[in-house]
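Naming convention: chains lettered A, B, ... in sequence-line order (proteins, then strands); numbering from 1 in each chain. The analysis underlying the following values was restricted to heavy atoms, covering all of them including side chains, and did not include hydrogens, waters or symmetry mates.
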Protein chains: 2
Amino acid sequence: MAEPHRQSDYHHGDLRSALIDAAIDLVQEEGVGALSLRQVARRAHVSHSAPYHHFRGKADLLAEVAAAGFDRLVQTIEAEFQKYAADDHLGRLVAVGAGYLSFALQNPSLFRLMFRPEMTSPGDHPGVRAAESRAFATLQDTLVACQLHGNVSSDSVLSMCMSCWATMHGLCMLWIDQVVDETPLRDVPFDGLAQEVQERLVASLTLKMAKAP
Amino acid sequence: MAEPHRQSDYHHGDLRSALIDAAIDLVQEEGVGALSLRQVARRAHVSHSAPYHHFRGKADLLAEVAAAGFDRLVQTIEAEFQKYAADDHLGRLVAVGAGYLSFALQNPSLFRLMFRPEMTSPGDHPGVRAAESRAFATLQDTLVACQLHGNVSSDSVLSMCMSCWATMHGLCMLWIDQVVDETPLRDVPFDGLAQEVQERLVASLTLKMAKAP
DNA sequence: GCCAGAATCTTGACACTGCCCAGATGAGCT
DNA sequence: AGCTCATCTGGGCAGTGTCAAGATTCTGGC
């Protein structure tokens with residue numbers, strides 16, 4: 001039951017990650033809006049200004065939470081990815097999308113936080129940048145592999161990345177923000193809807209786009 | 001310079017919409033996070049608790065702002081829509097997407113607020129629901145017209161709505177939240193990227209999806 | 001072993017926020 | 001006229017993010 005080395009109330013070993021964990025829990029339980037630095041500190045059984053010795057402020061803590069979220073996102077995607085054979089490139093492409101969607105549905109609050117720049121100021125936070133780039137690279141690499149083996153058209157890979165990412169990201173956002181609940185789409189089973197959208201997306205990647213004359 | 005009928009400090013005529021306007025300005029200038037009810041009141045030259053006679057609380061005011069945003073979104077879309085002839089159904093479909101994108105790029109903070117349910121609690125706000133439904137109906141009607149005239153496949157219209165909406169919504173979100181800035185996509189001109197994504201989307205709507213056996 | 005300096009944590013404070021209350025003010029109806 | 005009620009004010013409460021000063025513990029060099 002004892003922590004690795006819990007000497008006393010002071011210096012309890014690893015307050016930094018304890019705070020991040022507490023913040024992740026709070027975000028998932030109550031959402032980003034209901035999260036306060038003081039409550040995080042309370043959860044870690046620590047005074048209200050102890051976090052300032054590990055983070056520059058609230059935004060900095062939230063950025064760390066976002067970075068952890070991106071790491072988990074990559075893990076989820078790669079877990080889905082590994083279910084397909086190395087030569088099933090289209091299957092792996094679908095898996096990347098499915099992993100993205102699955103993560104968003106299972107961690108809606110965390111997912112929202114990860115894409116909220118005004119809360120996390122990611123521009124000056126290298127951890128978030130790195131985690132984001134890693135997630136994007138997974139998609140890009142998969143698409144490149146598809147193209148090398150003739151599974152998708154020879155269009156610009158970046159352009160196709162944008163199509164894939166935008167479609168899946170929009171699907172996640174509209175669903176977890178419950179926007180579709182205000183439309184006729186609310187009566188359509190979401191799983192089937194998501195699958196059709198993804199199938200249409202994959203089909204569109206096989207089309208050679210007409211170049212401007 | 002005088003208001004329509006500014007009798008005195010009390011009952012200055014139309015405080016309700018003055019507060020909404022002030023809130024819209026503040027959202028666009030400083031973002032949703034930096035908006036406080038007291039600051040809105042200050043902008044309207046009114047005491048800090050005057051807003052409570054017109055709104056149930058902060059969330060209620062923000063919901064009103066979101067509703068106003070949806071109205072403007074519909075206006076932007078319809079303005080774009082009218083540029084195309086009544087029988088150019090595919091052109092009008094593209095116009096709906098272009099209007100959506102254009103509104104998001106020109107009103108990023110407002111756009112973000114509109115799709116933030118934890119701030120606006122739209123579930124119990126009929127104004128937001130109505131405005132949202134109206135925006136969706138524009139897309140749905142356009143797609144139905146396309147289908148009637150054979151411009152898109154005979155697949156489920158709702159499914160195609162979801163593809164269109166998700167793709168354009170994701171494009172908007174990823175761009176205005178500056179997520180693409182952390183990826184190789186940052187070096188690609190956005191206009192061309194958006195156009196290619198939209199072209200691929202439209203092309204995919206003409207494909208007949210394979211039914212599950 | 002021991003002690004100075006650095007790291008960590010606490011307490012206290014300030015300005016700000018959302019929300020609620022009692023009271024002041026004026027508009028509109030009878 | 002007078003009365004009623006919606007509107008607006010000011011003060012107050014609990015909670016927040018952030019900072020400064022002091023207390024406590026760890027660490028490296030002797």
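- Using a 4.0 Å cut-off on heavy atoms, none of the residues of residues 17-26 of chain A approach DNA chain C.
- The side-chain hydrogen bond (donor to acceptor under 3.5 Å, both in side chains) search around A:Gln106 returns none, not counting sequence neighbours.
- Residues that satisfy the ring pair (Phe, Tyr, Trp, His ring centres under 6.0 Å) test with B:Phe103, not counting sequence neighbours, are absent from this structure.
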May I have the list of side-chain donor-acceptor pairs in residues 21-33 of chain B shorter than 3.5 Å, sequence neighbours left out?
| from | atom 1 | to | atom 2 | distance (Å) |
| --- | --- | --- | --- | --- |
| B:Gln28 | NE2 | B:Asn107 | OD1 | 3.0 |
| B:Glu29 | OE1 | B:Arg43 | NH2 | 2.8 |
| B:Glu29 | OE2 | B:Arg43 | NH1 | 3.4 |

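- Sorted by first and then second residue, the salt bridge (charged side-chain N to carboxylate O under 4.0 Å, His left out) pairs with a member in residues 159-170 of chain B form an empty list; sequence neighbours excluded.
- The side chain to side chain contact (heavy atoms under 4.5 Å, CB included) check on A:Tyr84 picks up A:Asp88, A:Arg92, A:Ala95, with sequence neighbours excluded.
- Using a 4.0 Å heavy-atom criterion, one finds that B:Ser47 contacts the bases of the nucleic acid, with or without backbone contacts as well.
- Residues in residues 69-81 of chain B take part in these side-chain hydrogen bond (donor to acceptor under 3.5 Å, both in side chains) pairs, two or more places apart or across chains: B:Glu80-B:Lys83.
- Separation of the A:Phe70 and A:Phe115 ring centroids falls under the 6.0 Å cut-off.
- With sequence neighbours left out, A:His48 forms a side-chain hydrogen bond (donor to acceptor under 3.5 Å, both in side chains) with A:Arg38.
- The distance between atom CG of A:Asp14 and atom P of C:dA7, rounded to the nearest whole Å, is 17 Å.
- Applying a 4.0 Å cut-off to non-hydrogen atoms, the residues of residues 50-58 of chain A that approach DNA chain D are A:Tyr52, A:Gly57, A:Lys58, listed by residue number.
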Find every protein N or O atom lying less than 3.5 Å from an N or O atom of nucleotides 12-15 of chain C, and list the pairs.
| from | atom 1 | to | atom 2 | distance (Å) |
| --- | --- | --- | --- | --- |
| C:dG12 | O6 | A:His48 | NE2 | 3.4 |

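- In terms of the side-chain hydrogen bond (donor to acceptor under 3.5 Å, both in side chains) criterion, B:Arg186 has no residue partners (sequence neighbours excluded).
- If you measure from atom CG of A:Leu37 to atom C1' of C:dC16, you get 15 Å, rounded to the nearest angstrom.
- Checked against side-chain hydrogen bond (donor to acceptor under 3.5 Å, both in side chains), A:Gln140 has no partners two or more places apart in sequence or in another chain.
- For the pair B:Arg42 CZ and D:dG10 P, the interatomic distance rounds to 14 Å; values are reported in whole Å.
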